[in-house]
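Below is one structure, written out as structure tokens, with a few remarks after it.
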Amino acid sequence: MTMDINPLHPIFAGGVDGIDLRHPLTPTQVGALENAMDRFAVLVFRGQAIDDDQQLAFSRNFGALEQAIGSSVTTVENRRLGMEFADVSNLGKDNRIMAPDNRQRMFNLGNRLWHSDSSFRPVPSKYSILSGRIVAPSGGNTEFADMRAAYAALDDATKAKIEDLVCEHSLMHSRAQIGFDTYTDEERESFRPVLQPLVRTHPVTGRKSLYLASHAGTIVGWPVPEAKAFLRDLIEHATQREFVYAHEWQANDLVMWDNRTTMHRVRSFDAHTVVRDMRRTTVAGDGVLVAQPELQAAVG
Ligand code: OGA
Ligand code: MN
């Protein structure tokens, strides 16, 4: 079986055939997939009927995995999946559809806003790997936007203006946009803001990209309303249709994306009557991108 990758969109996203993710990969396959990620930023693998252990094994080929701590309001006791999974389903621990007013569900609705996974962590993630175990029969597409193309399309004055800007990211900033704003003291502490550059350079390709997310709530040194208005303009620019690939899920699709160079969002579906069981593993990034407030405090 030879691996074969074909473009799914004019500028990014590729479909991968000729690989079975139930079995261990060879180093050659892993290298080929990493190269393909650098080029396509989003890879789609159809027909991969994997279980949780197989998803973990596949994901670990690309680095250490993030633990799902500090990324939701779901308590450890209420978790349905293992600690290395982000549960982006509409199911509770009992595998039943969550009630309409369920607090976990309200918080998770933030995934409907354009974002990059874990930009709210001091060390943001590298890849996300999402397995569609049960997909919605209609709706529930996941859309991806190519932040390299979005950056390249900016005019020179804007590129110069944003080159060294640093944004404050927090899950509380994205949730504020959908009116979720009540937290315990413990949650506030775990969601405290981190700093991220607005422009990133890919370590392998050297291509620059916009590092945007709804988690970005302000720009360091800017008045908040001005920062929010500007970030909103940039997200609008970056998510024009020409930069967007919309993934229509089939059962057992696995989609892998580079959080350093893309944003994504899920579209609505009938979450009250239809089961959508999606499980995400997340490959951690290499290190902080800019000095974090507490690190600065520690040295100075
Ligand atoms: C994610 C996410 C999108 C979806 O897994 O990171 O944002 O389609 N989910 O559920
Ligand atoms: Mn996400």
Side-chain angles (χ1 to χ4, degrees), residues 13 41-46 48 50 52 55-56 58-59 62 65-74 79-82 84-91 97-98 104-121 124-145 147 169-171 173-175 177-178 180 191 196 211-216 235 238-239 244-271 274-285:
V42 178
L43 292 177
V44 173
F45 305 74
R46 299 259 191 210
Q48 303 289 342
I50 53 170
D52 287 0
Q55 183 170 346
L56 288 171
F58 170 71
S59 305
F62 305 101
L65 303 187
E66 287 185 357
Q67 299 279 315
I69 289 175
S71 51
S72 71
V73 296
T74 308
R79 288 185 61 80
R80 185 176 70 103
L81 306 174
E84 280 155 320
F85 284 89
D87 192 351
V88 291
S89 74
N90 60 336
L91 304 173
I97 293 175
M98 284 187 271
Q104 283 174 216
R105 190 181 101 76
M106 295 293 113
F107 188 85
N108 295 348
L109 282 173
N111 281 337
R112 295 262 290 273
L113 307 177
W114 285 105
H115 65 282
S116 172
D117 291 331
S118 302
S119 76
F120 51 83
R121 294 188 193 275
S125 63
K126 181 182 175 192
Y127 298 158
S128 286
I129 295 164
L130 185 60
S131 167
R133 305 294 174 83
I134 302 175
V135 304
S138 70
N141 289 352
T142 308
E143 296 183 340
F144 296 90
M147 296 294 105
H169 290 236
S170 166
L171 280 162
H173 290 319
S174 48
R175 273 53 192 175
Q177 295 183 43
I178 53 168
F180 185 110
F191 299 151
Q196 305 295 0
Y211 193 42
L212 285 170
S214 303
H215 308 310
I235 289 183
T239 57
V244 173
Y245 162 69
H247 184 68
E248 294 179 29
W249 289 92
Q250 294 172 13
N252 298 322
D253 282 352
L254 181 133
V255 181
M256 177 171 173
W257 64 87
D258 191 335
N259 284 304
R260 302 168 300 182
T261 54
T262 59
M263 276 201 296
H264 61 279
R265 66 172 176 180
V266 62
R267 306 315 309 273
S268 77
F269 68 103
D270 187 2
V274 158
V275 170
R276 185 172 186 269
D277 187 350
M278 315 290 286
R279 305 179 183 202
R280 191 187 90 215
T281 38
T282 315
V283 179

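Sequential numbering from 1 along the given sequence is applied to the chain's residues. Read the numbers this way: they start at 1 and go in the same order the structure lists the ligands and their atoms. Just so it is clear, the structure is predicted and the values come from calculations on it, not from any experiment.
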Heteroatom distance test (Asn141, ligand 1): nitrogen or oxygen, under 3.5 angstrom = no
ask   = Parallel, tilted or perpendicular: which fits the ring planes of Phe107 and Phe191, with parallel below 30° and perpendicular above 60°?
value = parallel
query = When the ring centroid of Trp257 is compared with that of His264, is the distance short of 6.0 Å?
reply = yes
task = Write out the residue and atom name of the closest protein heavy atom to atom 3 (C) of ligand 1, then the distance separating them to 0.1 Å.
result = Val266 CB, 3.7 Å
task = Please name the atom of Asp117, restricted to N, O or S, that is closest to the Mn ion (ligand 2).
result = OD1
query = Charged N to carboxylate O below 4.0 Å: is that the case for Arg280 and Asp117?
reply = yes
Option with minimal heavy-atom separation from atom 10 (O) of ligand 1, where the choices are Met278, Arg267, Arg276 = Arg276
query = Side chains of Ser89 and Arg80: do they bring a donor and an acceptor to under 3.5 Å?
reply = yes
Phe269 six-ring face occupied by Arg276 cation (under 6.0 Å, within 45°) = yes
message = As an exercise, identify every atom of ligand 1 less than 4.0 angstrom from a heavy atom of Asp117.
response = 6 (O)
request  = Provide, to 0.1 Å, the distance between atom 1 (C) of ligand 1 and the closest protein heavy atom, together with that atom's residue and name.
outcome  = Arg280 NH1, 3.5 Å
ask   = Looking only at heavy atoms of His247, does any of them come nearer than 4.0 Å to an atom of ligand 1?
value = no
query = Any side-chain heavy atom of Asn108 sitting closer than 4.5 Å to one from Val88?
reply = no
ask   = So, is Arg265 polar-close to ligand 1, with some N/O to N/O distance under 3.5 Å?
value = no
message = Show me which atoms of ligand 1 lie under 4.0 Å from any heavy atom of His115.
response = 7 (O)
ask   = Between Ser116 and Asn259, is there a donor-acceptor pair closer than 3.5 Å when you use the side chain of the first and the backbone of the second?
value = yes
inquiry  = Check for me whether Trp257 has a heavy atom closer than 4.0 Å to any atom of ligand 1.
reply    = yes
message = Between the Mn ion (ligand 2) and His264, which N, O or S atom of the residue is the nearest one?
response = NE2
note = re atom 8 (O) of ligand 1, the protein heavy-atom contact at minimum distance is Thr142 OG1, 2.5 Å
request  = To the nearest 0.5 Å, tell me how far Leu130 CG sits from Thr282 OG1.
outcome  = 9.0 Å
Phe144 and Tyr245 aromatic ring geometry - parallel, tilted or perpendicular at 30°/60° bounds = parallel
query = Does any N/O atom on His264 come nearer than 3.5 Å to any N/O atom on ligand 1?
reply = yes
